[in-house]
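Comments concern the structure below.
Remember, it's a predicted structure, so these values are computed and weren't measured experimentally.
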Amino acid sequence: MLMGFAFFFFVFAAVSSSADVVVAHSAHGMISVADVDGWKATFALGKNGRSRDLCEVVDRIVLLRAFATAADTLPESDAERCRAEAWLAGLEVGAAALRRAEIVAAEPTVKELRARYQRYQGNFKMKAQWRLQNIFKEIPHGASPAKVAELRRQMKEIRERVQNGEDFGDIAARESDSATRSRRGRMGMVRLDDVTPEITEELSKLRGGSLSPVLSTDAGLTLLYCMAYFPERQMPFDEVRAFLKKRVKKERLEKRWAALDEVILKRIAPIYHPDSISAGSGDATPVLVCTLGEQKMKVSLARFAAFVARRGASDPAFLTHDERARQLIELALLIGRADEADRRHLLDQPLTRERSKWRTLAAQGECYARRQVANSVVDPSPDQIQAFYEAQKDRIMMPARLQVRLIKIEIAHGEPLEILHRARQAAVLLRSGEGTVEEACRLIDPSEHLVEAHDFDWRLVKDVLKFGPDIGPAIVGLDVGGVTEPIQDGQTLLIGQLLDRHEQRLLSLEEATPQIRSILRRRLEREARTQLEMSVLKLQEVKFMDQCP
């Protein structure tokens, strides 16, 4: 027993002493292995996900210490803002520690997961799926009956060739008009909900190795070959266990977090003073009071302003009364969560202590650096802006923008073809310009429960393409006022309308000035930040114990 204790002591001493090893000296003191490890544990990876080497980490530590120390030399209002940033960073570390503890507590047991599976077993069914290939012939808009008949004859001939043994994929690669042509017609796994009501019945009849008749759709003629069929089946517990665990854990965490917030607000009994916030209020004006144990914490306007800024909002004086009230509640919750973490001794955990130390140091140091850079950078002059414009003139473009209307109709497997026909009639009504979008929606669904219309104001082409792989390109290809045919996307029918279009064009100097000013100022700020860091590191006279590249 004594020998074991001695061994543990020497191992512990060796580990402790290795953590105390000094790797570098600077004007602000020594940097030890423990400092380097703590910084890495807090900030983990550098830019682009690459690990920072020892020399780079030491430089970061030296800069943070120097900046944080210098923050107290700023004018009082700026120094208070930096202290507020550090205070908020500490609160966020505490709240994050509490969140991690609640995530662990919300972990469901296998028994609970099995009980949930048994209760909702009927919902865990894998719908029938078909692995398909297709050959498609497009019917051109306005095609004559003779042209349609010729295309139908060609498709029937292709079907006969497949039946006589010719490879379906070879034909698809040579003759199909579908985007699947490059994949030899392979469509992947398809469910009934993925196809239009027109071909649902025929698809349901296909089994592995079988061939569909020639099918008619709005866009053209289709021939389907079933490579494999997978019938509907009940998914076993082990197959859905990971999904169930994620869902149950999320539900429990949301409930626990909401209940905990109620307890926290009741305990800290926050008193809000949104009316104390105005353009003329001093930084020391109290705007929030929280009860933490036996003490009253008064939160100043300066700290509230720092909190609002970290959340991307504007100056508190320019917020509405309701916005101020909401932000004050959120700040009170942050304070209460950090206090709860302290009450549970979560802040005493070594990793949390390290995170708190480095996060607060970084927040205060970054606040100082931002102010130094902001004070040293002058807005670019009109001559600089014009010179940039002339040099980059051909690249300063206003991209094409679209005004779009999108009508969504919810459908389900087994939905009668009537809803598809009504959707087509609605598209014709909109295309004619003789009916409103409200009339079109009522034509599709008189109850208006299944249909929604959304107008999107001035979207970039890339954003319109995100509406869906089929509907997006269809809208982009329209003329102004044009309307797409109903396009199915899963269990939704979509109708798109292009309301207006602004083509891509060169910006004038006046239009481009705000953008150019922002670009030039960011460039100047990066240069100023680099110069600031280099000058500080030079003054710190960093000396490494080992040679650093």
Side-chain angles (χ1 to χ4, degrees), residues 134 136 138-142 176-183 187-188 194-196 217-220 312 385 388-411 420 423-424 426-433 435-438 440-441 444 451-520 522-523:
N134 79 321
F136 174 74
E138 183 179 8
I139 297 177
H141 181 68
S176 179
D177 296 333
S178 171
T180 62
R181 175 177 181 169
S182 61
R183 303 191 298 272
M187 300 174 65
D194 298 327
V195 299
T196 62
T217 67
D218 282 340
I385 292 173
F388 184 93
Y389 177 78
E390 293 299 332
Q392 304 287 335
K393 192 172 183 178
D394 293 339
R395 300 172 60 184
I396 302 176
M397 307 290 293
M398 172 70 76
R401 295 174 299 153
L402 311 176
Q403 279 188 327
V404 174
R405 173 174 293 144
L406 194 64
I407 298 177
K408 297 182 177 181
I409 308 110
E410 297 300 320
I411 59 174
L420 178 61
R424 290 174 182 160
V428 171
L429 179 65
L430 290 172
R431 201 174 289 120
S432 69
T436 65
V437 64
E438 290 79 11
C441 290
I444 298 169
V451 60
E452 295 179 353
H454 303 275
D455 286 358
F456 298 92
D457 192 28
W458 297 121
R459 296 298 178 96
L460 297 176
V461 171
K462 66 177 182 179
D463 295 326
V464 174
L465 292 175
K466 292 177 184 177
F467 288 174
D470 297 317
I471 189 65
I475 295 172
V476 172
L478 292 172
D479 294 328
V480 174
V483 180
T484 69
E485 291 295 328
I487 294 175
Q488 185 167 356
D489 184 357
Q491 294 183 274
T492 305
L493 278 178
L494 301 170
I495 300 174
Q497 184 176 16
L498 182 58
L499 303 176
D500 200 357
R501 180 197 298 268
H502 284 170
E503 298 295 350
Q504 179 175 285
R505 65 179 177 82
L506 288 170
L507 289 174
S508 67
L509 175 60
E510 183 179 359
E511 291 173 320
T513 291
Q515 178 184 351
I516 295 173
R517 181 183 292 113
S518 178
I519 292 171
L520 292 178
R522 285 198 301 270
R523 183 182 298 174

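Between R501 and E503 there is a salt bridge, since a side-chain N of the basic residue sits under 4.0 Å from a carboxylate O of the acidic one.
When side chains are defined from C-beta on, I385 counts as touching L520, because their heavy atoms get closer than 4.5 Å. Residues K393 and R395 fail the side-chain proximity criterion, which asks for heavy atoms closer than 4.5 Å. L478 is not listed as a side-chain neighbour of V483, based on a closest heavy-atom distance of 4.5 Å or more.
Within the model, atoms CG of L499 and CZ of R405 stand 5.0 Å from one another, a figure rounded to the nearest 0.5 Å. Here Q504 contributes atom CD and L460 contributes atom CG; the two are 10.5 Å apart, rounded to the nearest 0.5 Å. The CG atom of L402 sits 5.5 Å away from atom CG of L498, with the distance rounded to the nearest 0.5 Å. Between the CZ atom in R505 and the CG atom in L507 there is a gap of 6.0 Å [rounded to 0.5 Å]. Between atom CD of residue Q403 and atom CZ of residue R401 there is a gap of 9.0 Å, rounded to the nearest 0.5 Å. R459 CZ to K466 NZ: the interatomic distance, rounded to the nearest 0.5 Å, is 10.0 Å.
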Apply the test side-chain contact (heavy atoms from CB on, under 4.5 Å) to residues M397 and L506: give CA-CA distance (whole Å), side-chain angles for both, the deciding distance (0.1 Å), then the verdict.
CA-CA 5 Å; M397 307 290 293; L506 288 170; 3.0 Å; yes
Residue pair I407, I444: steps toward the side-chain contact (heavy atoms from CB on, under 4.5 Å) verdict:
CA-CA 10 Å; I407 298 177; I444 298 169; 4.2 Å; yes
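Closest non-hydrogen pair, F388 versus I516, comes out as CD2-CG2, 3.5 Å. Scanning all heavy atoms of the two residues, the minimum distance from G468 to P473 falls at O-CD, 3.5 Å. The two atoms that bring C441 and A453 nearest to each other are SG-CB, 3.9 Å, heavy atoms only. Nearest approach of A512 to I396, heavy atoms of both residues: CB-CG2, 3.7 Å. Minimum heavy-atom separation, G220 to I139: CA-CG1, 3.6 Å. Across every non-hydrogen atom of P486 and R424, the tightest pair is CG-N, 3.7 Å.
Few gaps surround CD on E390; more than 12 heavy atoms of other groups in view lie less than 6.0 Å from it. Summarising the local packing, CG of D457 is surrounded by more than 12 heavy atoms from other residues, nucleotides or ligands at distances under 6.0 Å.
Under the 3.5 Å distance criterion, with hydrogens and angles disregarded, no donor-acceptor pair is assigned to the side chains of R517 and T513. In this structure, a donor-acceptor pair under 3.5 Å is present between the side chains of S178 and T180.
Ring orientation note: the planes of F467 and F456 are tilted relative to one another, at an angle of 30° to 60°.
Checked by atom type and distance alone, the side chain of S432 pairs as donor or acceptor with a backbone atom of L429 at under 3.5 Å. Checked by atom type and distance alone, the side chain of E511 pairs as donor or acceptor with a backbone atom of S508 at under 3.5 Å. No side-chain donor-acceptor contact under 3.5 Å links T484 to the backbone of I475.
With I495 as reference, I409 is the one residue of I409, I471, V451 to meet the side-chain contact (heavy atoms from CB on, under 4.5 Å) rule.
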